[in-house]
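Residue numbering restarts at 1 for every chain, and letters A, B, ... go by the order of the sequence lines. Worth knowing before you read on, the calculation uses all heavy atoms, side chains too, and leaves out hydrogens, waters and symmetry mates.
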Protein chains: 2
Amino acid sequence: MKEENTHSGVKEIARRANVSIATVDRVIHNRPGVSEKTKKKINDIITELDYQPNVLASRLASRKIISLAVLIPRVSEETDFWEAPFRGIMRAEAEIRKYGIQVQTFFFDLNDKHSFTEQAELILKKEVQGILLAPSFIDESRQLIQACQKLKIPVVFIDSNVPEQDNLCYIGPHLFQSGYVGAKLLTYRLKENHKVLVVNISKETDNYSYLQIEEGFRSYFKDHSQPCEIIRVDIKDTDKLSVAKELTRVLYDHEDIEAIFVTNSRVFSVASFLENAGRKDISLIGYDFLKENIRFLKEGLIDFLICHKPEEQGFRGLMALYQTLVLGSPVEKVHFMPIDIITKENQAFYQN
Amino acid sequence: MKEENTHSGVKEIARRANVSIATVDRVIHNRPGVSEKTKKKINDIITELDYQPNVLASRLASRKIISLAVLIPRVSEETDFWEAPFRGIMRAEAEIRKYGIQVQTFFFDLNDKHSFTEQAELILKKEVQGILLAPSFIDESRQLIQACQKLKIPVVFIDSNVPEQDNLCYIGPHLFQSGYVGAKLLTYRLKENHKVLVVNISKETDNYSYLQIEEGFRSYFKDHSQPCEIIRVDIKDTDKLSVAKELTRVLYDHEDIEAIFVTNSRVFSVASFLENAGRKDISLIGYDFLKENIRFLKEGLIDFLICHKPEEQGFRGLMALYQTLVLGSPVEKVHFMPIDIITKENQAFYQN
DNA sequence: TTTAGTGTCGGGTACGTACCCGTAAATATA
DNA sequence: TATATTTACGGGTACGTACCCGACACTAAA
C-alpha cells in the first residue's frame, strides 16, 4: 500500500534523454538552442512521464515577479457594492503573493468616464502582464481591451460583460436569467391585479446591464402568460430626495401597484422611501448584499435580494489570471455566477 | 513608486542576530539547542521584521509528507449526495498535493454502523496527521474523536456536528435556521387551510440532524403565530414503494394537506409519488442539489430545494486541516454554510 | 589533569526549477 | 587554411528553508 511518490522531475527527464537539465529546461520553456532531434526526444519523454512541473520550485527559482493590475470602481459614499469584489481581490492577492505575484489596484469614479480612461492609461504605462477589469463604461473599456490585445495582455472581466470583445474570460452574472428569477420571486407576493413597477436608478444613460435584466424580467411574465401590467421608471438622479420625488409621482399615477422590482443595488433608497411613505404593503425586490439593503431586508421592507457573489467574482477574476500566467492552464471563457436568493431568514449565513 | 520587495527571510534575521541560519531555524521550529538569550534576541527580530516564512521554500525543503485521512459515507445507489463533498475533497487535494500532502479517503456504509468503526480503526493504524470526518453516527464518531484527542490529531467535521466534542472545527449547515427557512418558503405556497406535512425518510432512528431541522421548521410558525397544523410522518424504509405506501396512507387520513416538507435529500421519492398520484397541487420542498431532485424541480413538482454547498464543505474541510498543519494559522471553530434557495429558475447556475 | 558529557552553535547540502555563462563542434566567411 | 560566427549543449549557482553533521566551549566526574 505504500505508494512511492516517484515524482519524476526535470532531472529524471534529463537522465533518460542523455542530456543536461538545462537542455530539458530549454525545451520546456520553448527557448531556442536545442536541435529538433533532441527536442522531439525530450518532448516524447515528457509526454510519457506525464511530467507536471513543480509550481513551488518553479516560482521559487524564478526571480521575476509577475505584476497584475486591477481596474474597478471606487467605493462611493452612495453605495458600497464594490467593497465586496475588492475584498475578494485582496483575498486572492494574499494567496498568490507567495508565488511572486504583485497586484496593483486602480480605482475609477462611476460618475466620471474620464477617470476610467485616465486610470487605464496609467495601467498601460506600468507594463503589467494581466488586467482584471470591471468594464462599466463600454466604449472606454473597448479602447483599453484593444490596446491590451496588441500587447498580448490577457484581460478578465467581472460584474458585467462587453459583448463581442476578445478577452480571457468573463466572470459574472447571467443578467437575463437574473431578471427572470426576480420576476419569479415577485409573483410569490403578487395578489390580484398584477401591476408591478420596474425601477432603474442610475446616472448612466446607456445602461446595457439594466436592459438585459429587464428583458429577463419581462420574459418571465411572457413565458407564463400572466396578465401583468409592468410600469417602468428611470431615475437619473440617485440621491434619496430625487428618488422619493419620482416614486411619489409614479405611485400617484398608478395607485394600485403591488410590487416593485429595482434593477440594481439601489433598492435601499426605494425601501427608505416606502418606509417613510408608510407603504409597507408594497413588495420589494432588488439587488446585492449591502449593509443598508440587509437592514431593510431584516425589517421586512425588502422581500428578496438577488446577489451574484461579488466577492467571489473578484477572487476568481484574479485567480483566472494566475491560472493563465503562472500555471499556463486554460480558463473557461464564460463563468456565470449563481443567482442567489436572499431573504430575511437566510441572510445571516450568506457568503458574498 | 518602486517598492522594493525587501522580503527578509531567515538569512536577514540571522545577519541581524549575529547567528547562523541554522540557529534561527531552530528558534522558528521550537527545537532545542538554543540558549534563552539568543532565542529571545531572535524572537524579537522576528517580531520586529514581521517575518512570514515562505511556504514554497518551506514545503520544498521539507521532504516529509503530511498525510490526511477522510472518512465519509460511500455514494449509494439510493442517493448520490456524497458525490458533492467528495468532489470538493478531490479539488482540495489537487490543490495541496503540490505542498507534499497526501490524502487517503475511506468510505463507510450509511446503513451499517459497523463499517464506520471498521474504517475508523483502519485510519488510526495509518498514523495520519489529520482527519476529515462526516460524523453520521454520533456514538461511533465520539469514540474516534476521543482516540484522536489522545493522539493529538486534529479532526474536522462536515455536514453535521457532534455536540460537546473537541474538534478542530465544524463546517456545515445551521440546521435549525435551515428548517426555519424551509418553513418560510413553504408559506409562499400556502393558500387557505395551512395544513402541512413534514416527512422524514431515514433508516437512522436517532437522527439528530432531523430533529434540529424540524425544530427550526416549527419555530417559524410559532414566531409568526400562523394557525398551522403540522402533521409528521417517519418513514423508515427508504425504497420508493414503502414511501408511496406511507404517503398514500397519510394523504388519505388528511386529505387537505397543502404542502410537504421533506427533511433531507430524499425529496425526489416524494416527488415521484406525487407525480404518479397526480397530486401536482401539493407544494413540495426538500433538500440538496441532486440530479433526481433537479429533474423534479425543473418539472415543477418540487418548488424549492434548500442546499448547504456540500462540495464546498468537502473543500473547506480539507483546507482547514491544511491551514492548521502546514500554515499553522488558526481556524474558526464553527463555519456555517449558507442556506441556499434553489428554484427552477436559478438552478442552472447553482454552484454546489 | 584527563575524559566524558552537555549545551550552543555554524557549515553545508538538499529540495526542483530557472537561467547565466562557458565551451566544443559545426558551419560560414575571408 | 585560418578565422569568425553560429548552433547545441553542459556546468554551476541561486531561490528560501529544513536539517544533518559536526565543532567548540564549558562543566563535572575520574
Query raised in the report: Does a side chain donor of either Gln351(A) or His335(B) reach within less than 3.5 Å of an acceptor in the other side chain?
Result: yes
Rounding to an integer number of Å, can you tell me how far [X] [atom1] sits from [N] [atom2]?
X: Glu36(A); N: dT7(D); atom1: CD; atom2: P; result: 13 Å
X: Lys11(B); N: dT17(D); atom1: NZ; atom2: P; result: 9 Å
X: Ile28(A); N: dC9(D); atom1: CD1; atom2: P; result: 15 Å
X: Ile21(B); N: dT17(D); atom1: CD1; atom2: P; result: 9 Å
X: Arg15(B); N: dG16(D); atom1: CZ; atom2: C1'; result: 16 Å
X: Arg59(A); N: dT17(D); atom1: CZ; atom2: C1'; result: 18 Å
X: Ile42(B); N: dT8(C); atom1: CD1; atom2: C1'; result: 11 Å
X: Asn30(B); N: dC19(D); atom1: CG; atom2: P; result: 13 Å

Query raised in the report: Are the charged groups of Glu121(B) and Lys125(B) less than 4.0 angstrom apart, N to O?
Result: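 No salt bridge links Glu121(B) with Lys125(B).
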Query raised in the report: Hey, is Arg91(B) close enough to Glu95(B) for a salt bridge, meaning N to O under 4.0 Å?
Result: no
Report task. List the steps, then state whether ring-ring contact (aromatic ring centres under 6.0 Å, His included) holds for Phe289(A) with Phe81(A). Result -> CA-CA 8 Å; Phe289(A) 196 74; Phe81(A) 172 78; over 10 Å; no
N/O (side chain, [X]) to phosphate O (OP1/OP2, [N]) under 4.0 Å:
X: Tyr99(A); N: dG16(D); result: no
X: Ser35(A); N: dT7(D); result: no
X: Lys98(B); N: dG16(C); result: no
X: Thr38(B); N: dT8(C); result: no
X: Lys39(A); N: dA8(D); result: no

Starting the side chain at C-beta, find the nucleotide from [options] nearest to [X].
X: Thr23(A); options: dT17(C), dG16(D), dG10(D); value: dG10(D)
X: Val10(A); options: dC15(D), dT17(C), dC19(D); value: dT17(C)
X: Leu60(B); options: dG16(D), dG11(D), dC19(D); value: dG16(D)
X: Ala61(A); options: dG16(D), dC20(C), dT17(C); value: dT17(C)
X: Asp25(A); options: dC19(D), dC19(C), dG16(D); value: dC19(C)
X: Arg31(A); options: dG10(D), dC15(C), dC19(C); value: dC19(C)

Query raised in the report: Starting at the 5' end of DNA chain C, which residue's closest nucleotide do you reach first, Arg63(A) or Ser20(B)?
Result: Ser20(B)
Requested in this report: Find which nucleotide of DNA chain C each of His29(A) and Pro32(B) is nearest to by heavy atoms, and output the residue with the more 5' nucleotide.
Outcome: Pro32(B)
Query raised in the report: Hey, mind stepping through Leu133(A) and Phe116(A) against side chain to side chain contact (heavy atoms under 4.5 Å, CB included) and telling me if it holds?
Result: CA-CA 11 Å; Leu133(A) 176 66; Phe116(A) 182 95; 3.8 Å; yes
Report task. Name the nucleic acid region contacted by Arg26(A), choosing base, sugar-phosphate or nothing; use a 4.0 angstrom heavy-atom cut-off, strictly under. Result -> base
Requested in this report: Check whether the ring centres of Tyr170(B) and Phe157(B) lie less than 6.0 Å apart, and answer yes or no.
Outcome: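 Centroid separation for Tyr170(B) and Phe157(B): 6.0 Å or greater.
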